[in-house]
Amino acid sequence: QPSSSPSGAVPTSLELQRGTDGGTLQSPSEATATRPAVPGLPTVVPTLVTPSAPGNRTVDLFPVLPICVCDLTPGACDINCCCDRDCYLLHPRTVFSFCLPGSVRSSSWVCVDNSVIFRSNSPFPSRVFMDSNGIRQFCVHVNNSNLNYFQKLQKVNATNFQALAAEFGGESFTSTFQTQSPPSFYRAGDPILTYFPKWSVISLLRQPAGVGAGGLCAESNPAGFLESKSTTCTRFFKNLASSCTLDSALNAASYYNFTVLKVPRSMTDPQNMEFQVPVILTSQANAPLLAGNTCQNVVSQVTYEIETNGTFGIQKVSVSLGQTNLTVEPGASLQQHFILRFRAFQQSTAASLTSPRSGNPGYIVGKPLLALTDDISYSMTLLQSQGNGSCSVKRHEVQFGVNAISGCKLRLKKADCSHLQQEIYQTLHGRPRPEYVAIFGNADPAQKGGWTRILNRHCSISAINCTSCCLIPVSLEIQVLWAYVGLLSNPQAHVSGVRFLYQCQSIQDSQQVTEVSLTTLVNFVDITQKPQPPRGQPKMDWKWPFDFFPFKVAFSRGVFSQKCSVSPILILCLLLLGVLNLETM
Amino acid sequence: MLPRGLKMAPRGKRLSSTPLEILFFLNGWYNATYFLLELFIFLYKGVLLPYPTANLVLDVVMLLLYLGIEVIRLFFGTKGNLCQRKMPLSISVALTFPSAMMASYYLLLQTYVLRLEAIMNGILLFFCGSELLLEVLTLAAFSRI
C-alpha cells in the first residue's frame, strides 16, 4: 500500500522585513572607511584585497558632490578640496594629503566577516577590506542619504517659537547691569549727561567759558561733576535784532528744557524716567522779546544747584536765571555768567536707599523677603506684640525660608464696619500694603520684570447670612512658593508666587468688641523639581540557605547530641532483629 | 473480485526501488531543515546587510515556490515508486529540473550567498542528481514488464 507524504514539519511562510536600516550598524571597518573625512589626519587607505566573489564592482570613493563647500576661489584650485572641479584631478587623493570636511561624500559601509559570504550579487558596490586586526571584512557600500543631509527641517512660526525655545532653551538668571561702559556712577570731573526728551538726544551739560583775549564764549565746554566753578564769557552780536529771538543762548527756556541723568548707566535706558532728574526753575524766566529798540529778557546769568549723593549720582537739579535788557545797536555785546554749585544730598530716606540685597541672584535663607509698593522696596513684615500682648508699631521682618507665626491683640475704637475692616487689614499686612515680591534676591525696584504680584484672597462674604454683622479679618497667612533653579552644584532660590490668605470672623454690630486677637504667619513651600538621580547597577544579594535538610541536621545535631545518641542504637537493634527473623524463615 | 479495469502487479515481484525511497525519505527531512534554516538566514541577511527590499521579497517568494515544487516532487516520486506506476514517477522526474534550477539560483544568483547556503544548496543538488538517476532506472524497470 502506498505510504503518506513525509511527515516533516513544513515551515510557515514568513514575510521577512528588514528591521533596521543598514546604515545604522557600526563596525571597525566603517570607521576606517570614513576616516578620510577627518581633517589633519593623514589618510591611510585600507589594504585592498582581491574580492573572492566575482561580479563586485569597484567602489567610487569620490563621487562628484553637487555643492562643493570648500571651493572658495572660483577658477582656481583650493588646496585639499577634493570636490573642487578647478583642480582637474580624477583622483585628488593622489595629490592632496587629506580631504577637507565636506569635500567627499559620507560613506556608509556595512561589514560582516568575509568567511560568512560565498558571493554577492548585490546592486550596491562591495569590496573586501583588511581589518586592523587582520580579519578580512566583506563590506557593502550604501549610499545612505541620511549621512549627507539634515533631516526634516523644522518650520518655525509664531505659534511654535515658544515651544521650541522652551524645549531647547535652558534656565536663565536675571543678569545684573553691564558695568564696563558706561560707568555705573559719576566720578569727579566726569561730564554730566543730559537728555532732551523732545528729540530723544543724550548730550552733556555745558558751562560756556571765555577763551582768547576777548573772552568769547566757547559753547562746548562741559561741566564737571563735583566741580563747583564759575565762568564768564562775552557774546558779540552783529545783528542783535535777529539774534534776540533766535539765539538759544539768550533764551531762558534752553537752560531748563532737559533732564539730567542720575548716573551714566542710565544711557542704556534713556526713556526710563526713574533715572532722570528734571531741572527745576527757581526764578522767573521770560522769553526774549524785541520791543522797539530794546531786546528784553536776555539771559545774563545762569546758576545751577546740583545735589549729589555719592555713587547714587545726581538727585536734584535746580536753575536760577538772571535776565537783563539790551539796546539794539551795532556792536552790541553781552557778558554772561555761568555758575555751578554741587551740594551733598540730605539723606531723608537712607533706609531704603542703602537696603542690601537678599542674595545674588538667588535668595539666601535668612535674608529678608523683599516687597515692593510704588517703586519703594522694603522687607516683608509680620505683626509684633509688645510686652502686654498688644500690637506694636514695630513689625517683625520676614526672613526667606524661615516659617514664622506671630500674633497680638489690637485695641479697637468705636467705629463703623468699613473703618474697622480697613484698620485691621492695614494692621495685618502692614503699611504700606505690599503689592509685589522680588523673584530673586537682587531684584531692582525699577525693573518690574523681576517682581511677581501678590495674589490676594479676601474673605468670602456670600457665606454669611447675618444682616447686621461686621466681617473682620483675624489672621493673615502669607504663602510663598519657592524653588531652586540652575545647577545642582550652585542652586539659586527664587520665589515663584506669593499669596495672601485672610481668615475672617463676623461680629455683631450690637456686640461691643474692644479688642481682637490678630495672627500673621508665613509659610515657605518648596516646589523644586529635582532631576532623575543616576541609577546604579543592581547588586546580587544572596547567601547560602541554612534552613533545609543537610544544614538543618548538621546545625541541630550539636544541640541535641545527648538525645540523638540513643537513636542509632535502636536502629541497629531493629536491623539485627530483622536479619534474625529473615534467617529464621 | 477486483474491477476488471485495474491490473495488479504480479504477486511476488517487487519492482520498487529501495534506494530511491531512502533518498526520498532523507530528502524530505532535509528539505524541512533547509527551509527553516533559509528563513533564519534571510532574517540574518535582512538585518545585517543592506538588502534591497525588492530583492528580499523576490528571494523569499521564490523560496516558497521552491517549497511547493519540492513537496509535489517528493510526493509524486514516493507515490510512483511505491505503487510501481509510471505516470507519477514521470511527473516527479519532470519536476526535478525546476527544482535543480531553484537550487542553482540560490547557490549562484541570489543577492547575498552565504557559505552555509552554498553548502546546503550543493547537498540539494546532489539529492536532485541522485534521485534523477534512480528515478530513470526505476522507470526503465517499470517499463520492462
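Per chain, numbering begins at 1; letters A, B, ... match sequence-line order. Side chains are part of it too, since the values below use all heavy atoms of this structure and drop only hydrogens, waters and symmetry mates. Keep in mind that what you see is a predicted model, and the values were worked out from it rather than measured.
- With A:Arg119 as the fixed residue, the side chain to side chain contact (heavy atoms under 4.5 Å, CB included) test singles out one of B:Leu109, B:Leu114, B:Leu108: B:Leu108.
- Every residue was checked against the ring-ring contact (aromatic ring centres under 6.0 Å, His included) condition with B:Tyr106, not counting sequence neighbours, and none meets it.
- Taking A:Phe96 as the reference, nothing meets the ring-ring contact (aromatic ring centres under 6.0 Å, His included) condition, with sequence neighbours excluded.
- Between the side chain of B:Arg115 and the backbone N or O of A:Ile117, at least one donor-acceptor pair lies under 3.5 Å.
- For residues 120-133 of chain B, the salt bridge (Lys or Arg N to Asp or Glu O under 4.0 Å) pairs, not counting sequence neighbours, are B:Arg73-B:Glu131.
- Of the atoms belonging to B:Gln110, it is backbone heavy atoms, and not side-chain ones, that fall under 4.5 Å from chain A.
- Note: B:Leu107 CG to A:Phe118 CZ = 5.5 Å, rounded to the nearest 0.5 Å.
- For the pair A:Ser122 and B:Leu49, the minimum side-chain heavy-atom distance is 4.5 Å or more.
- Among the residues in residues 91-102 of chain B, none has a non-hydrogen atom closer than 4.5 angstrom to a non-hydrogen atom of chain A.
- Here the shortest heavy-atom pairing between B:Pro50 and A:Phe124 reads O-CE1, 3.0 Å.
- Residues B:Tyr44 and A:Val116 form a side-chain contact, since some pair of their non-hydrogen atoms from C-beta on lies under 4.5 Å apart.
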